[in-house]
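What follows is a single structure, written as structure tokens, with notes after it.
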Amino acid sequence: MKKKYLRLVVIVSLSAFLLGFTTASKRPIDPEKDKLLLELLTFVIEKGHYNPAVIDDNFSKGVYKDYIAALDPSKRFFLQSDINEFSKFELELDNQLNEKDLTFFNLTYDRLILRVNESKKLFKDILSKRFDYTMDESFNIDFDKTPYAKNSRELRDKWRKQIKLSTLSSYTDKKKMEEDKKLKDPAYVMKTDAVLETETRESSLNSLNESFGFMSELKRDDWFTLYINSLMSQFDPHTSYFAPDEKERFDVGISGKLQGIGALLLKKNDYIEISELISGGPAWRGKQLAKGDLVMKVAQGNGVPVDVVGMRLKDVVKKVKGPKGSEVRLTVKKTDGTIQVISIIRDIVEIEETYAKSSVVEKNGNRYGVIYLPKFYIDFENKDGRDAGKDIALEVDRLKKAGVNGIVLDVRDDGGGSLSTVVDIAGLFIQNGPIVQVKSAKKEKEILYDTDKKIAWDGPLVIMVNEFSASASEILAAAIQDYKRGIIIGSKQTYGKGTVQKVIDLNPFVSNSSFGDLGALKTTIQKFYRINGGSTQLEGVRSDIVMPDRYTYLKMGERDKEHAMSWDKIDPASYTVWGNTSKFNQAIINSKARIANNVQFQLIEENAKWIDARSTENTYSLNIDKFKVAQDQIEETAKKFKSIGDYQNNLKFKSLPYELEEFVKDPILKEKRDRWHESLSKDIYVEEALNVLDDLQIKSIVKNSIPGDKKGKLVKT
């Protein structure tokens with residue numbers, strides 16, 4: 001399809017201004033990388049952001065609040081005396097930013113490292129002694145409202161109670177498991193209370209050692225990135241700095257592919273373990289590397305092997321990944337204890353979970369297609385690479401050939417992605433017209449159109465959303481809703497992110513730099529609007545049919561974020577609604593009636609209210625008897641909701657023929673699809689979406705045969 005695409009670029013004036021940051025300029029450059037970063041970031045964001053915040057005392061207060069909370073969210077490191085010292089800078093951070101002054105960051109960083117090292121001794125000492133679970137004391141986990149410890153004695157007591165709560169919970173679970181084993185087997189010899197208590201302390205010690213091990217791997221740059229992002233978040237929740245590693249992960253996430261061996265690495269103590277092989281990747285194809293292998297050394301081709309035991313996980317990943325066609329040699333310890341050197345030629349690895357997939361299902365004499373889109377992915381570096389628009393078009397075509405009578409497009413939990421792919425996907429379902437309106441800070445609005453009159457699918461359509469459907473998902477749902485092309489079903493409203501971000505590589509702005517990779521800035525440069533003129537910002541897209549879910553009452557949307565941009569509206573675009581909507585109103589009425597009378601949905605609604613009520617209960621007794629009573633009450637109530645997870649819709653979801661052929665070569669793909677189909681067979685939301693498709697059908701249907709399909713297909717007449 002031919003489209004008028006929006007060019008997501010920073011305003012042209014930036015180019016001239018940023019020439020001042022090249023080392024060839026007469027402008028003096030601070031030799032310290034941190035100060036250079038601050039100067040680059042603040043300049044780029046002030047010139048490129050849609051609505052940059054004023055850097056004043058209010059800005060400073062916001063940075064201070066967010067940064068301190070990010071450094072010590074559980075208030076288990078800093079003392080009140082530390083906070084008193086830090087608070088002197090609460091109204092000075094705007095000035096420090098303008099002057100590229102790192103005094104506050106240096107102070108907090110040095111103090112944090114000191115307190116973390118002190119805390120290591122604390123938890124080890126606490127866990128060396130038995131806990132007295134008969135004491136009548138409690139612990140509040142609402143850290144936002146609890147004060148900082150006044151002194152070292154109070155801090156130790158806070159650590160003791162926090163660890164005690166963890167071990168008490170583990171102890172009671174272990175005790176119950178022992179009692180259950182005894183009930184099933186009277187001959188079973190139960191572990192003593194003393195043994196169970198010791199085991200829980202040992203488990204907690206291992207967990208804390210691992211947690212502090214990860215923390216000890218963080219370098220000063222990592223903490224400085226945290227400080228920078230406390231600054232960036234004051235502009236809006238989606239503006240942030242990407243350190244080089246984060247930028248790489250973002251690129252992988254948006255494209256769904258990387259260059260490497262296709263293995264997921266996990267750090268266990270000092271060792272790097274192969275936790276999974278990515279289906280289709282070079283390691284998977286080679287059949288030598290296996291899940292559970294421990295990586296001991298890494299060599300580049302014929303180079304000298306480097307010992308990676310004890311090395312940071314992110315540093316090992318850097319050594320293992322590399323450009324397509326290059327060789328890496330891993331010295332691994334196999335699960336049987338043998339040592340083996342494995343040579344792997346790196347290649348392009350596609351992360352299958354990123355991509356769209358579809359399934360077919362028979363219901364009430366009709367065949368329907370379900371397409372799941374995890375994100376709106378695109379390969380910016382290769383126009384011929386995979387993207388969500390092309391893949392959804394392919395899945396729609398496959399479903400048409402399979403003779404489906406309706407399509408459910410599932411964008412639940414889809415946080416968005418490429419704006420251009422939304423235009424492609426929406427254009428599959430309409431003849432032609434505007435899809436979304438976009439407005440920049442200093443420009444008139446721009447409208448993105450589908451200009452191709454071809455319609456890939458003109459049959460019944462349902463879009464599934466939830467509270468975590470955001471950004472591009474909301475553009476798609478809004479366009480389909482405004483055109484009255486399909487029915488939106490899901491949560492009361494979607495996430496509410498109505499802004500567009502641009503990732504700006506900082507490196508081209510500084511030539512001949514000795515600081516290495518400077519990373520990138522993701523900043524909000526535009527707002528998008530529905531074709532009816534309304535914004536999805538904060539309000540999201542309201543479903544035509546609302547289905548209760550367990551997160552209904554929790555505050556997790558854009559409207560609950562600090563510094564979120566406001567809602568507004570602009571003039572509507574000119575568009576023509578879909579003509580074939582005669583069954584919409586009755587289908588919506590039918591669905592609402594089914595949901596209201598459905599016992600399972602009633603139970604989900606009750607569960608959502610219970611979860612909301614539980615979210616305000618933050619104080620736990622550390623007395624074992626009182627703790628057990630409270631936990632028993634929780635477990636008793638939870639039993640009522642257990643059937644939610646046991647639900648079966650009795651529908652059989654199947655893969656399309658092309659995928660069945662791939663299963664012969666790729667059993668891992670078959671296993672993944674089997675798990676997806678199993679989850680669909682337990683999904684009451686998908687079931688109701690299919691019910692809506694049923695209500696949208698023309699009732700007069702006849703059966704025709706499909707080549708290679710014994711069941712035949714259904715053709716509307």
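All of these numbers come straight from a predicted model, not from anything done at the bench.
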Task: Carboxylate-amine/guanidinium proximity below 4.0 Å for Glu197 and Arg201 - done: yes
Open item on the list: I'd like to know if Glu118 pairs up with Arg115 as an ion pair, taking the criterion as any Lys NZ or Arg NE/NH1/NH2 lying under 4.0 Å from an Asp or Glu carboxylate oxygen.
Closed with: yes
Open item on the list: Walk me through whether Asp646 and Lys642 qualify under salt bridge (charged side-chain N to carboxylate O under 4.0 Å, His left out).
Closed with: CA-CA 7 Å; Asp646 298 333; Lys642 185 177 182 297; 3.3 Å; yes
Open item on the list: For Glu353, is there an ion pair with Lys672 - N to carboxylate O distance below 4.0 angstrom?
Closed with: yes
Task: salt_bridge(Glu636, Lys639) N-O dist < 4.0 Å - done: yes
- [ ] Please work out whether the ring planes of Phe250 and Phe242 are parallel, tilted or perpendicular, with thresholds of 30° and 60°.
- [x] tilted
- [ ] State plainly whether the residues Glu671 and Arg675 are in salt-bridge range, i.e. N to O under 4.0 Å.
- [x] yes
Open item on the list: Parallel, tilted or perpendicular: which one describes the rings of Phe627 and Tyr620, with boundaries at 30° and 60°?
Closed with: tilted
Task: Criterion side-chain hydrogen bond (donor to acceptor under 3.5 Å, both in side chains) against Arg412, the qualifying member of Asn466, Asp549, Asp683 - done: Asp683
- [ ] Quick one: closest heavy-atom pair of Glu350 and Ile278, and the distance?
- [x] O-CG2, 3.6 Å
Task: Note: Lys182-Glu179 ion pair, threshold 4.0 Å (strictly below) - done: no
Task: Phe123 and Phe212 aromatic ring geometry - parallel, tilted or perpendicular at 30°/60° bounds - done: tilted
Task: salt_bridge(Lys682, Glu678) N-O dist < 4.0 Å - done: yes
Task: Heavy-atom donor-acceptor pair, Ser207 side chain to Ser203 backbone, under 3.5 Å - done: no
Open item on the list: Determine whether a donor-acceptor pair (N or O, by modelled atom type, separation under 3.5 Å) exists between the side chain of Lys164 and the backbone of Asp132.
Closed with: yes
Open item on the list: Does Lys652 have more than 12 heavy atoms from other residues, nucleotides or ligands lying within 6.0 Å of its NZ?
Closed with: no
Task: Presence of salt bridge, Arg160 and Asp157, under 4.0 angstrom - done: yes
Task: Cation-pi geometry met for Lys357 and Tyr372 (6.0 Å, 45°) - done: no
Task: Within-4.5 Å side-chain heavy-atom neighbours: Val408 and Val686 - done: no
Task: Stepwise side chain to side chain donor-acceptor pair (under 3.5 Å) check, Glu688 with Ser591 - done: CA-CA 7 Å; Glu688 183 52 33; Ser591 181; 2.7 Å; yes
Task: Ser358 side chain to Val370 backbone, donor-acceptor under 3.5 Å - done: no
TODO: Keeping the roles fixed (side chain from Asp222, backbone from Lys219), state whether a donor-acceptor pair exists under 3.5 Å.
DONE: yes
Task: Backbone of Thr200 reached by a side-chain donor or acceptor of Ser204 within 3.5 Å - done: no
Task: Under the side chain to side chain contact (heavy atoms under 4.5 Å, CB included) test, residues paired with Ser615 that sit two or more places apart - done: Leu554, Asp612
Open item on the list: Test of understanding: with side chain to side chain donor-acceptor pair (under 3.5 Å), list the residues that count as partners of Asp666, not counting sequence neighbours.
Closed with: Ser279
- [ ] Output all residues satisfying salt bridge (Lys or Arg N to Asp or Glu O under 4.0 Å) with Arg346, sequence neighbours left out; order by chain, then residue number.
- [x] none
Open item on the list: For the backbone of Ala243 and the side chain of Thr225, can you confirm whether one donor and one acceptor N or O come within less than 3.5 Å of each other?
Closed with: no
TODO: Of all the heavy-atom pairs spanning Leu79 and Tyr148, show the shortest one and how long it is.
DONE: C-CB, 4.2 Å
Open item on the list: Pair Lys314, Glu217 - check salt bridge (charged side-chain N to carboxylate O under 4.0 Å, His left out), show working.
Closed with: CA-CA 9 Å; Lys314 62 193 299 186; Glu217 289 189 350; over 6 Å; no
Open item on the list: Please find the pair of heavy atoms, one from Tyr133 and one from Leu168, that lie closest to each other, and give the distance.
Closed with: OH-N, 3.7 Å
Task: Lys334 atom NZ: more than 12 heavy-atom contacts under 6.0 Å - done: yes
Task: Check against side chain to side chain donor-acceptor pair (under 3.5 Å), Tyr647 and Glu687 - done: CA-CA 11 Å; Tyr647 182 79; Glu687 180 184 24; 2.4 Å; yes
- [ ] Using a strict cut-off of less than 4.0 Å between a Lys/Arg side-chain nitrogen and an Asp/Glu carboxylate oxygen, indicate whether Lys176 and Asp180 qualify as a salt bridge.
- [x] yes
Open item on the list: Is the distance from the ring center of Tyr227 to that of Tyr109 below 6.0 Å?
Closed with: no
Task: Stepwise salt bridge (charged side-chain N to carboxylate O under 4.0 Å, His left out) test for Lys561 and Glu558 - done: CA-CA 5 Å; Lys561 300 290 185 184; Glu558 179 88 355; over 6 Å; no
- [ ] Specify the closest pair of heavy atoms between Arg130 and Thr198, including all atoms of both residues, with the distance to one decimal.
- [x] NH1-OG1, 4.4 Å
Open item on the list: Quick one: does any side-chain atom of Lys75 pair with a main-chain N or O of Phe143 as donor and acceptor, under 3.5 Å?
Closed with: yes
